[in-house]
There are 2 protein chains.
Amino acid sequence: MPTLLTIPQIRIEVDSGCYLRDPQATEVGRKLLQQALLLIDKTGIEEFTFAKLAKAIDSTEATIYRYFENKHCLLNYLLSWYWASLNFRIAFEINSLSRVSEKLENFLRILVYADLNYASTSFLDMGVLHHLALTEADKVFFTHRVDEENQDRYFRHYKMVCSQLTSLIEQHNPSCQWPKSIACMLIEQSHRQLFFSDHLPSLSDVSQGKKQREEIYSYLLFLLHSTTEKSKTKRQR
Amino acid sequence: MPTLLTIPQIRIEVDSGCYLRDPQATEVGRKLLQQALLLIDKTGIEEFTFAKLAKAIDSTEATIYRYFENKHCLLNYLLSWYWASLNFRIAFEINSLSRVSEKLENFLRILVYADLNYASTSFLDMGVLHHLALTEADKVFFTHRVDEENQDRYFRHYKMVCSQLTSLIEQHNPSCQWPKSIACMLIEQSHRQLFFSDHLPSLSDVSQGKKQREEIYSYLLFLLHSTTEKSKTKRQR
DNA sequence: TCAACATGATAGTAAACCTATTATAAATGT
DNA sequence: ACATTTATAATAGGTTTACTATCATGTTGA
């Protein structure tokens with residue numbers, strides 16, 4: 001089990017390329033983020049509008065537009081916050097471990113249990129953020145504005161999580177041919193298997209019961225080990 | 001290389017749960033599908049509207065609404081068409097092969113080259129459909145209406161492709177613990193690696209040059225073999 | 001030939017998305 | 001202390017989207 005995080009008052013900094021005005025800096029901004037998270041998670045980004053959010057925080061559309069260009073940028077902010085927060089937690093919990101394989105295993109465990117064992121020190125709840133990420137995370141990439149938005153800052157926090165995992169995989173097996181692709185695949189599968197087992201069970205072997213998370217963790221471990229195992233040929237000789 | 005499909009006049013049937021009125025049955029309907037495909041592929045589903053489509057086919061919004069409830073259903077229709085078409089092609093090309101491993105390899109090859117080596121017998125171009133699927137395929141699942149829409153018919157064609165691959169994996173290794181999850185993962189990776197290598201290259205090991213497709217194919221083969229290899233423990237003894 | 005039905009034209013509503021302008025409060029300079 | 005600048009919020013409005021309704025026209029096929 002991952003240790004419970006108890007560090008108080010960590011401020012997660014989201015890259016300035018993700019907003020017009022820093023929402024964490026003002027009272028309205030913080031309230032905006034909190035309510036946006038709840039609303040988007042409840043209805044999905046498609047149904048979500050600035051008008052509804054304005055009503056929820058007892059403010060106006062114009063105010064929200066001063067913080068974010070549009071709702072997709074706001075979604076990206078929340079997801080960036082999620083990845084940044086996860087990245088911090090991973091670094092924190094993995095740092096002290098000595099063996100690379102231990103680090104890798106804990107990395108995957110944190111991905112699967114990202115919403116649990118988390119002291120809600122911060123004003124954005126990781127449980128809700130994780131649930132939001134399940135359905136909305138991919139939507140920020142798969143847009144026709146990817147190339148404009150991908151100025152290496154807009155998606156920075158997600159990329160950092162990927163590159164952390166990539167580098168561990170490379171350490172674990174320096175001759176691995178696909179460290180980046182495998183890293184992203186693992187991160188993506190940690191979400192998708194949870195979503196599929198809940199909503200499209202015919203597309204996943206993961207059950208919906210109590211063992212759900214443990215099964216996903218086993219699956220990720222299996223994927224990791226089978227794809228990053230060192231030179232099988234040698235051993236087989 | 002997969003054989004070039006030359007069978008003329010194949011009619012791909014899309015499940016009736018995907019439309020209000022069969023668009024393939026009428027002239028307007030077919031024109032609607034063709035133009036919708038081009039428009040959605042060009043601008044993305046977010047920018048796409050029935051008004052624009054109506055203008056493109058020189059008709060009215062009201063007419064289009066008689067075929068599809070909304071633009072998401074239309075997108076799902078096109079993607080269902082894509083999966084159905086792919087499914088047919090896979091069955092056709094794999095049928096004659098004897099060894100399961102051969103079937104698997106060809107399955108993956110067809111996934112990677114889905115837009116190529118395809119005689120455009122049909123009125124919907126597989127090249128454009130494949131490109132559309134790269135960015136839009138996941139969007140039909142990750143919605144808050146999944147559970148309503150997932151009446152086992154709406155996503156039928158995608159599920160069929162998955163289950164075909166699942167059953168091959170099971171034949172190849174009956175003791176495989178995650179056949180469904182691995183099948184979906186492979187299908188998904190065949191798209192994602194292409195998209196990432198084009199738009200977010202820092203998240204993929206696949207290059208953008210001439211070898212792009214071959215690299216993705218190698219990657220998929222690698223994933224398949226490493227995750228479905230039979231009882232390593234026995235061999236290692 | 002008549003009934004049934006698909007289409008096209010027209011219109012209209014409600015909401016979403018975004019901008020421009022005006023009001024208000026806080027900060028700053030003399 | 002008071003005027004001037006600055007930052008932010010409130011108000012309002014325009015455009016587009018998503019969808020529904022109605023009705024005349026044309027086509028099909030029983």
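What you see is a predicted model; the values in this text were computed from it and never measured. Throughout, a chain's letter reflects where its sequence line sits, starting with A, and its residues are numbered from 1.
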Write down the distance between OH (Y65(A)) and P (dA10(D)), rounded to a whole number of angstrom. 16 Å
Taking the inter-plane angle between the rings of Y77(A) and F68(A) on a 0 to 90° scale, is it parallel (under 30°), tilted (30 to 60°) or perpendicular (over 60°)? perpendicular
Rounded to whole Å, please give me the gap between CG in L20(A) and C1' in dA7(D). 15 Å
Phosphate oxygens OP1/OP2 of dT7(C): is one of them under 4.0 Å from a side-chain N or O of Y67(B)? yes
Can the positive tip of R30(A) be found less than 6.0 Å from the middle of the six-membered ring of F123(A), inside 45° of the ring normal? no
Taking atom P of dA14(C) as reference, at what distance in whole Å does atom CD of E47(A) sit? 18 Å
For the pair made of CG in D22(B) and P in dC5(C), what is the distance, rounded to whole Å? 17 Å
Given dG8(C), dC19(D), dA20(C), the nucleotide with the shortest approach to the side chain of V28(B): dG8(C)
Expressed in angstrom and rounded to an integer, what is the separation of H72(B) atom NE2 from dA18(D) atom P? 7 Å
Decide if the gap between the ring center of Y65(B) and the ring center of F50(B) is smaller than 6.0 angstrom. yes
Scan T49(A) against the nucleic acid and name what it touches under 4.0 Å (heavy atoms): base, sugar-phosphate only, or nothing. sugar-phosphate
Whole angstroms only, please: what is the CG-P distance between L53(A) and dC18(C)? 14 Å
Check this for me: does the side-chain of R21(B) come within 3.5 Å of the base of dA6(C) through a donor and an acceptor? no
Would you mind reading off the distance between R66(A) atom CZ and dA10(D) atom C1', rounded to a whole angstrom? 9 Å
Round to a whole Å and report the spacing from CD of E46(A) to P of dC19(D). 12 Å
Is S59(A) close enough to dA9(D) that one of its side-chain N or O atoms is under 4.0 Å from OP1 or OP2 there? no
Identify which nucleotide among dT7(C), dA9(D), dT19(C) has an atom closest to any side-chain atom of T63(B), counting heavy atoms from C-beta outward. dT7(C)
Kindly say whether the aromatic ring centers of H130(B) and W81(B) come within a distance under 6.0 Å. no
Using a cut-off of 4.0 Å on non-hydrogen atoms, how would the nucleic acid contact of T26(A) be classed: base, sugar-phosphate, or nothing? nothing
Judged by nearest nucleotide, the residue sitting upstream toward the 5' end of DNA chain C, E61(B) or A51(A), is E61(B)
Check whether the ring centres of F195(B) and F141(A) lie less than 6.0 Å apart, and answer yes or no. no
